[in-house]
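I have placed the structure first, in the form of structure tokens, so that the comments after it can refer back to it.
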Protein chains: 2
Amino acid sequence: MLKFWDHIPFSKKMNSIVIPDYINSIHPYEGGKPIKEVARELNIPEHDIVKLASNENPLGISPKAKKAIENNIEEVSRYPDGNAFYLKEAINKKFNISSNQIILGNGSNDILELVARTFLTVNDEAIYSEHAFAVYSLVVQAVGAKGIEVPANNYAHDLEQFLLAINKHTKVIYIANPNNPTGTLIDKSTLKSFLDNVPKNIIVVLDEAYDEYLDDDIKSEAFGWISNYKNLLISRSFSKAYGLAGMRLGYGVSSSHLIEVMNRIRQPFNVNNLAQIAAIASLDDDDFILNSKKINNLGMKQITTAFSGLGIDFIKSYGNFIAFKFEDEQAAMMYYQHLLKNGIIVRSIANYKMPEFLRVSIGLELENDKFIKILSNCNI
Amino acid sequence: MLKFWDHIPFSKKMNSIVIPDYINSIHPYEGGKPIKEVARELNIPEHDIVKLASNENPLGISPKAKKAIENNIEEVSRYPDGNAFYLKEAINKKFNISSNQIILGNGSNDILELVARTFLTVNDEAIYSEHAFAVYSLVVQAVGAKGIEVPANNYAHDLEQFLLAINKHTKVIYIANPNNPTGTLIDKSTLKSFLDNVPKNIIVVLDEAYDEYLDDDIKSEAFGWISNYKNLLISRSFSKAYGLAGMRLGYGVSSSHLIEVMNRIRQPFNVNNLAQIAAIASLDDDDFILNSKKINNLGMKQITTAFSGLGIDFIKSYGNFIAFKFEDEQAAMMYYQHLLKNGIIVRSIANYKMPEFLRVSIGLELENDKFIKILSNCNI
């Protein structure tokens with residue numbers, strides 16, 4: 001082979017790989033610590049560790065989903081159905097949404113990212129709230145677009161400020177409802193009024209990962225809105241109440257046009273086949289969701305009652321987690337470490353500009369008990 | 001809530017969502033037809049269908065992997081370990097690659113896409129071969145970069161032409177070795193000489209999804225090259241010989257610097273936990289890989305012998321599939337339909353600018369037999 005190198009005059013001056021600035025300045029997402037990692041680092045047996053750090057379902061998975069996985073392990077040597085025919089059919093059956101209005105994601109993270117990658121360019125802006133789910137800013141930054149963070153109102157989304165932040169560069173708006181990590185909820189009429197006021201060329205992403213935990217009267221009705229708001233996309237998750245965090249499955253619901261465009265850049269096999277099979281079975285297990293919600297309500301009461309007894313401030317939460325407050329960042333970190341050393345994993349939310357808070361996921365009664373006991377025994 | 005709409009003068013003129021041109025002009029990837037889909041459409045029982053369309057392992061999955069999945073189903077309610085500590089350890093043990101030189105993907109598709117999303121901007125170019133794996137051009141187009149397709153030399157990558165295609169905008173080069181769908185292989189010395197001639201600011205992605213099917217003397221040694229070529233990234237897959245296509249798992253190996261930068265935009269939980277568990281077990285099952293390779297060698301001989309007997313032209317293949325040729329596109333499509341109607345799914349590769357070819361994956365002996373029988377019975 002000829003040495004072409006010598007004939008490429010610019011090559012010698014370009015010896016190092018150029019990384020775009022917007023990529024270089026990203027701070028990656030940090031999830032809750034896995035149980036095995038804590039066991040390894042602190043030399044504690046795994047079964048002594050209680051993980052209340054990632055808003056997982058403490059009941060585990062639906063027995064129907066477990067059975068479905070067991071019965072279909074042989075399937076994994078085949079590529080998944082990239083169109084997820086049967087899963088879309090199951091979602092349609094449950095929520096009355098046509099297949100062409102559904103896009104499947106490798107977790108709802110994948111949906112949030114696909115919106116950014118499909119619609120945002122380096123000249124565009126996306127709006128989200130202060131203290132909102134960290135993935136919004138990450139996916140916006142990863143495509144080189146500008147993220148506009150709107151100040152929160154007492155930790156909640158301030159949608160009037162969102163409207164004021166809109167300009168001719170605005171292309172996407174992310175709203176978490178309920179929001180993680182604050183647990184705050186926007187009521188339906190405010191949300192609808194907001195949608196009426198957003199220009200139709202702007203995509204509104206409504207992230208409803210925690211909707212299953214809401215009481216019937218405050219549950220989202222947004223699936224019924226998509227025929228009126230073609231710029232609305234709702235994302236849902238199987239990682240929370242459905243107990244399938246490890247399988248990675250979420251979905252987006254929107255106008256068929258937006259779904260079709262997003263599907264163009266979706267990885268053809270982004271959702272593994274056991275996730276599809278488990279999700280179909282889970283959608284058919286209403287009892288499991290009802291029970292998960294019941295356990296969550298009881299646990300939420302158990303923990304907030306204890307917080308009040310201990311004089312610990314917290315933000316009223318509509319999710320399966322709760323953010324609670326200490327005097328300052330230092331106190332929060334000391335409590336975090338104290339809990340961790342005693343085998344309880346909670347979450348620091350300093351990266352959400354809430355350094356004096358910690359976030360705890362609602363567990364089973366005994367897990368919550370252990371959390372409360374160790375929290376109250378802390379001699380700091 | 002106030003009606004802000006009226007105070008936003010531009011909004012009324014912008015009623016429709018603007019899609020970037022490069023997204024609008026994408027033609028999404030089409031995978032092989034799933035067995036269930038063919039059964040549904042043609043009203044044939046699933047067990048009568050032979051799928052030889054997606055280069056899957058006809059042996060299924062490793063028994064060790066199956067057992068590992070069975071024993072860990074309860075895990076799926078927990079988020080996966082985003083750092084894949086144990087899987088990286090297993091890869092390290094097998095191939096002697098440090099954890100910080102490994103990135104995990106939701107299939108190797110995810111790795112190929114992460115390269116494009118991390119390093120390419122709309123001002124950059126990426127080079128790949130004519131007839132090369134379709135995902136390269138798709139991921140390049142999805143970020144708005146320019147894809148440069150280098151003409152193939154008798155269906156194989158022409159690396160001298162690659163070098164001539166390099167200019168100051170070139171940032172990434174994708175090479176498939178062996179290539180899908182042509183099955184062609186580049187020998188090691190040519191590849192190494194190529195790497196010596198590529199400017200160090202250009203990332204060379206070496207896609208080795210089919211490496212496990214190569215005989216020992218021609219197997220890749222590229223893992224041993226990464227210390228010398230900091231701009232080299234090798235991608236590997238668990239979807240082929242490892243039999244885990246449905247689980248979605250691939251990985252990239254490169255210099256720690258490139259891996260670190262790519263990890264910044266990797267979805268934190270992109271690899272599900274059963275995939276991680278299954279892959280660890282599979283890496284520990286050398287017998288399964290040896291047997292898969294043996295079955296593939298026998299099947300390749302069985303099918304090429306039949307082709308020769310039938311006077312059908314084909315491209316010598318180093319993978320677990322083979323591209324075979326008809327007089328023209330019309331003949332190829334007629335054979336495709338004839339096979340399909342008789343329950344054999346193969347793949348049209350018209351979208352690879354090879355309309356007169358079909359591609360068949362190597363199956364088990366009986367599956368290959370059925371394919372050959374139906375192929376030779378075609379009265380077209």
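Proteins come first, then strands; the chains are lettered A, B, ... in the order of their sequence lines, and each starts at number 1. Just the heavy atoms: all of them, side chains too, but no hydrogens, waters or symmetry mates, feed the values below.
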| query | For the candidates A:G82, A:S239, A:G107, which exhibits the highest count of non-hydrogen atom pairs separated by less than 4.5 Å from chain B? | reply | A:S239

| Where on A:P34 is there a heavy atom nearer than 4.5 Å to chain B: the side chain, the backbone, both, or neither? | side chain

| field | Single hit among B:V271, B:N272, B:D110, B:N270 for side-chain contact (heavy atoms from CB on, under 4.5 Å) with A:N106 | value | B:N270

| note | Hits for ring-ring contact (aromatic ring centres under 6.0 Å, His included) against A:F269, two or more places apart or cross-chain, chain-then-number order -> A:Y79

| message | As an exercise: rank A:K36, A:E75, A:E37 by heavy-atom pairs under 4.5 Å with chain B and give me the winner. | response | A:K36

| query | Hey, what do you get for CD1 (B:I23) to CG (A:L120), rounding to the nearest 0.5 Å? | reply | 10.5 Å

| said: Between A:S25 and chain B, with a heavy-atom cut-off of 4.5 Å, which part of the residue counts as in contact: side chain, backbone, both or neither? | reply: backbone

| request: Kindly check if the number of other-residue, nucleotide or ligand heavy atoms within 6.0 Å of CD (A:E30) is above 12? | output: no

| Between B:N24, B:V122, B:D124, B:D81, the one whose heavy-atom pairs under 4.5 Å with chain A are most numerous | B:N24

| Side chain / backbone / both / neither for A:L249 at chain B, heavy atoms under 4.5 Å | neither

| request: Mind ranking A:G246, A:P80, A:A278, A:G243 by heavy-atom pairs under 4.5 Å with chain B and telling me who comes out on top? | output: A:G246

| said: Looking only at heavy atoms and a cut-off of under 4.5 Å, which of A:K51, A:E74, A:K33, A:E56 has the most pairs with chain B? | reply: A:E56

| query | Between A:K66, A:H27, A:E113, which shows the greatest number of heavy-atom pairs under 4.5 Å with chain B? | reply | A:E113

| Atom pair CD1/CD of A:I69 and B:E70 - distance to nearest 0.5 Å | 12.0 Å

